[in-house]
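Before any comments, here is the structure.
Indexing begins at 1, ligand by ligand and atom by atom, following the structure's order. Note that this is a predicted model, so its numbers are computed, not measured.
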Amino acid sequence: MGGTAALIVAGGRGTRVGGPVPKQYRTLGGKAILRRAIEAFAARPDIAAVQVVIGEDDHSRYSEIAAGLNLLPPVAGGDTRQHSVLHGLQALTAHRPDSVLIHDAARPLVSQALIGRVIAALKDCEAAVPLLPVADTLKKKKTDGRWETVPRDGLHRAQTPQGFHFEPIVDAHRKFAGKNMTDDMALAEAYGLTIAAVAGEDSNLKITTEEDFRLAEKLLGGGEVRTGMGFDAHRFAAGDHVWLCGVKIAHAQGLEGHSDADAGLHALTDALLGAIGAGDIGMHFPPMDAKWRGAQSSVFLEYAARLVREMRGAIVNCDVTLICERPKIAPHVPAMRARIAEILGIDPARVSVKATTTEGMGFTGRGEGIAAQAIATVTLP
Ligand code: MG
């Protein structure tokens with residue numbers, strides 16, 4: 001096989017007796033914690049194979065959460081984390097990887113950048129470990145019950161994935177199989193491997209308590225969901241084209257307005273401003289301001305999208321309905337979706353544009369003008 005293998009350690013039993021499922025099988029943001037950890041590695045082209053070590057009794061749970069992923073068959077863990085890692089390494093021996101990243105399933109939020117740093121550092125060292133400096137002041141309770149402050153200079157917190165050249169870490173695990181070491185770096189230290197430190201990440205937290213679980217959900221962006229709506233109408237006037245949803249359409253008439261009179265983009269701009277409670281388009285771009293005469297309405301929509309981003313928000317989706325008898329909208333819908341997606345900086349799959357007539361009724365039915373409705377959904381942290 002060669003290349004780099006990932007070894008995910010998920011053998012922990014947690015508080016099983018009479019309790020809920022082991023934590024690595026709990027759902028975090030709609031997905032099992034273990035599946036999140038696996039997917040972080042399985043999706044990478046520079047990871048040749050993923051080996052998961054699971055608890056003896058977890059086979060059915062595991063097949064459920066790992067469905068559809070291309071993984072090596074799981075192996076059963078041992079009594080301790082160290083034994084579980086050894087079992088996983090032994091299973092990988094048959095595939096002869098050059099290096100292995102050993103990762104705790106309880107760290108489902110590991111970033112692609114962090115995995116990349118570990119892999120890169122293995123070019124020059126036999127081991128690579130993400131470390132974070134200790135920021136809190138450390139206190140130790142002495143045997144007499146009094147407290148003392150421990151100097152934190154040089155102290156670091158170790159995370160996973162910890163990366164190793166394959167042969168030496170297998171050898172280290174066999175050599176120290178009787179000892180109980182808390183992480184694989186400890187074995188690498190004892191074995192005398194060269195170790196590179198790479199920057200860890202606070203978001204790569206290890207989920208051990210309920211508080212960790214809630215924090216992880218927050219980090220996943222379990223923020224607030226907001227919606228906003230917008231409506232706009234413009235009157236037909238002399239002309240030979242109309243602008244609708246950012247697309248120029250040849251037509252026997254034009255639309256009257258201070259800007260390019262794009263009712264679709266105006267309604268959508270108001271929907272986005274509405275979702276974040278930021279007023280309306282007229283407030284930000286007063287029609288009496290000569291500066292906006294003939295302006296491209298993409299400017300207004302870009303502005304609203306920027307306000308969302310400045311609030312660290314994200315646009316989930318938007319939906320625009322154009323209301324008119326003519327021009328025919330359907331042939332232009334793909335171009336409109338693409339243009340709106342481009343202006344907002346989101347995937348076209350998140351943009352919907354549709355049209356309706358009013359069966360000849362009302363001002364749109366009489367062909368006096370074009371109206372548009374829009375709704376937008378935004379998440380805020
Ligand atoms: Mg308007």
Side-chain angles (χ1 to χ4, degrees), residues 226-308 315 317-333 335-346 350-358 361-378:
R226 303 273 198 94
T227 55
M229 60 185 291
F231 177 83
D232 194 29
H234 283 265
R235 187 187 296 272
F236 277 123
D240 60 2
H241 68 273
V242 296
W243 281 93
L244 287 172
C245 292
V247 173
K248 188 178 180 180
I249 301 172
H251 189 56
Q253 292 172 292
L255 286 171
E256 195 175 287
H258 194 69
S259 63
D260 63 7
D262 187 328
L265 292 193
H266 293 180
L268 183 51
T269 301
D270 266 354
L272 275 180
L273 293 174
I276 57 171
D280 63 25
I281 192 169
M283 234 176 78
H284 296 275
F285 303 96
M288 51 282 267
D289 191 332
K291 179 158 72 172
W292 308 116
R293 184 178 303 279
Q296 288 246 310
S297 296
S298 56
V299 172
F300 310 149
L301 188 58
E302 258 160 22
Y303 173 83
R306 191 165 67 243
L307 290 188
V308 173
I315 299 166
N317 76 304
C318 61
D319 185 11
V320 181
T321 301
L322 298 171
I323 306 164
C324 60
E325 302 289 327
R326 274 189 304 273
K328 283 266 172 278
I329 301 302
H332 305 285
V333 163
M336 290 173 169
R337 292 179 67 196
R339 179 65 184 130
I340 289 173
E342 183 186 20
I343 296 167
L344 295 178
I346 63 176
R350 295 178 182 273
V351 178
S352 164
V353 175
K354 52 205 181 351
T356 185
T357 70
T358 50
M361 297 177 288
F363 73 88
T364 57
R366 291 188 298 270
E368 293 169 14
I370 290 181
Q373 292 181 329
I375 188 160
T377 307
V378 162

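- Legend: residues meeting ring pair (Phe, Tyr, Trp, His ring centres under 6.0 Å) with F285, ordered by chain and number and at least two apart, are W292, F300, Y303.
- The N, O or S atom of H266 lying closest to the Mg ion (ligand 1) is ND1.
- Exactly one of L344, I375, I281 qualifies for a side chain to side chain contact (heavy atoms under 4.5 Å, CB included) with L272. That residue is L344.
- When every heavy atom of I370 is checked against every heavy atom of P327, the shortest pair comes out as CD1-CD, 4.0 Å.
- Taking the Mg ion (ligand 1) as reference, D232 places its N/O/S atom OD2 nearest.
- Residue contacts to the Mg ion (ligand 1): H258 brings no N, O or S atom closer than 2.8 Å.
- Screening residues 255-268 for side-chain hydrogen bond (donor to acceptor under 3.5 Å, both in side chains) gives D232-H266, H234-H266, S259-H266, D260-S297, H266-S297 as the qualifying pairs, with residues at least two apart or on separate chains.
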